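Okay, structure first, notes after.
Here the structure is a predicted model, which is why all the values come from computation and not from measurement. Every chain is numbered from 1 and lettered A, B, ... according to where its sequence line falls, protein lines coming before strand lines.
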There are 2 protein chains.
Amino acid sequence: MPDIEQICRGDVVTAGHLRDVLDRVGDKWSMLVISLLEHGPRRYGQLATDIPGISQRMLTVTLQRLERDGLVTRTSYPEIPPRVEYALSPLGASLQEPISALAQWAYAHKDEFLASRDRYDAKA
Amino acid sequence: MPDIEQICRGDVVTAGHLRDVLDRVGDKWSMLVISLLEHGPRRYGQLATDIPGISQRMLTVTLQRLERDGLVTRTSYPEIPPRVEYALSPLGASLQEPISALAQWAYAHKDEFLASRDRYDAKA
DNA sequence: CGGAATCCACAACGATACTG
DNA sequence: CAGTATCGTTGTGGATTCCG
């Protein structure tokens with residue numbers, strides 16, 4: 001069972017597994033999409049409205065990347081009008097746990113965050 | 001105790017706490033620096049050699065951002081030659097736990113990751 | 001409805017040179 | 001030693017338009 005030290009040591013430092021996962025889900029929307037899919041399958045349009053501010057393009061490419069890495073599944077129903085559902089794969093569902101840990105840390109410490117920043121900026 | 005649903009709902013979706021923390025430590029080097037500082041204070045030059053591939057500039061700006069957000073403390077000793085030590089603050093140390101969770105997830109599932117990607121790319 | 005294609009702006013990043 | 005300054009490159013994300 002590896003710890004951070006093991007992960008960030010030797011010839012795998014820069015290309016460590018931490019880097020890998022951040023490169024995949026560290027972008028602007030991936031974790032948000034995963035969080036929303038946690039509650040069950042969603043259609044493309046649903047996600048578009050549930051994530052204010054996201055563009056069609058970014059929703060599309062984000063979903064494609066997540067599907068490519070096996071985190072979400074895409075199911076297309078050949079109807080008219082077309083219907084496409086996205087859902088978390090087991091792999092994606094397992095990722096939701098560490099993501100939740102990160103989100104809860106952010107929620108718990110948001111005040112310290114802002115306070116420190118204000119102090120820093122006040123001196124500059 | 002908030003869960004993901006609470007965090008990603010309503011008018012705080014795009015500016016959710018998850019977004020906040022990702023904006024700070026989701027960049028290329030921050031989590032790596034935090035991981036290294038976990039073992040104790042490190043000097044600037046030590047970090048530079050312990051993180052192969054990082055440029056002086058990126059190490060500097062990464063450390064400044066981490067200090068600004070209160071995750072890292074900077075201690076300068078007025079000697080010749082100058083000596084500067086960076087260490088995790090209590091806040092930064094508390095962040096190491098969710099980061100570790102993410103890293104361990106990455107380590108545990110790296111094979112599924114790559115396999116899914118290969119399958120996807122083979123069809124394209 | 002669920003995209004794909006194109007173009008563009010900006011910020012992140014890297015390399016290099018210089019400094020107290 | 002521990003940075004700062006400047007420049008060039010790259011990648012990410014947004015706006016718009018078009019298609020099955």
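Rounded to an integer number of Å, the gap from B:Arg42 CZ to D:dA2 P is 13 Å. Atom C1' of nucleotide C:dG2 and atom CD of A:Gln46 are separated by 13 Å, given to the nearest angstrom. Rounding to whole angstrom units, CG of residue B:Leu22 and P of D:dG13 are separated by 11 Å. The interatomic distance linking A:Leu59 (CG) with C:dA4 (P) rounds to 11 Å, in whole Å. B:Ile80 has its CD1 atom 15 Å from the P atom of D:dG3, to the nearest Å. Atom pair A:Glu85:CD and C:dG3:C1' shows a separation of 16 Å (rounding to whole Å applied). At whole-Å resolution of the value, CG in A:Asp23 and C1' in C:dC13 are 13 Å apart.
Looking at B:Ser76, its side chain never comes within 3.5 Å of a backbone N or O of B:Val84 through a donor-acceptor pair.
Toward the 5' end of DNA chain D, the nearer of the two residues A:Val61 and A:Pro82, judged by each one's closest nucleotide, is A:Val61. Where A:Ser55 and B:Pro81 each meet DNA chain D at their nearest nucleotide, the meeting point lying more 5' is that of B:Pro81.
No path of Ile, Leu, Val, Met, Phe, Trp and Tyr side chains, each step under 4.5 Å between heavy atoms, connects A:Tyr120 with B:Leu88, placing them in separate hydrophobic clusters.
Side-chain N/O atoms of B:Thr60 and B:Tyr44 include a donor and acceptor closer than 3.5 Å.
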Please tabulate the protein-to-nucleotide N/O contacts below 3.5 Å involving nucleotides 4-12 of chain D, giving atom names and distances.
residue	atom	partner	partner atom	Å
D:dT4	OP2	B:Gln64	NE2	3.1

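Remark: A:Glu67 does not engage A:Arg65 in a salt bridge, criterion side-chain N to carboxylate O under 4.0 Å. One finds a salt bridge joining B:Asp23 and B:Arg19 here, because a Lys/Arg side-chain nitrogen approaches an Asp/Glu carboxylate oxygen to under 4.0 Å.
The shortest distance between the side-chain N/O atoms of A:Tyr86 and the OP1/OP2 oxygens of C:dG3 is below 4.0 Å.
The 12-atom threshold is not exceeded at CD of B:Glu97, counting heavy atoms of other residues, nucleotides or ligands nearer than 6.0 Å.
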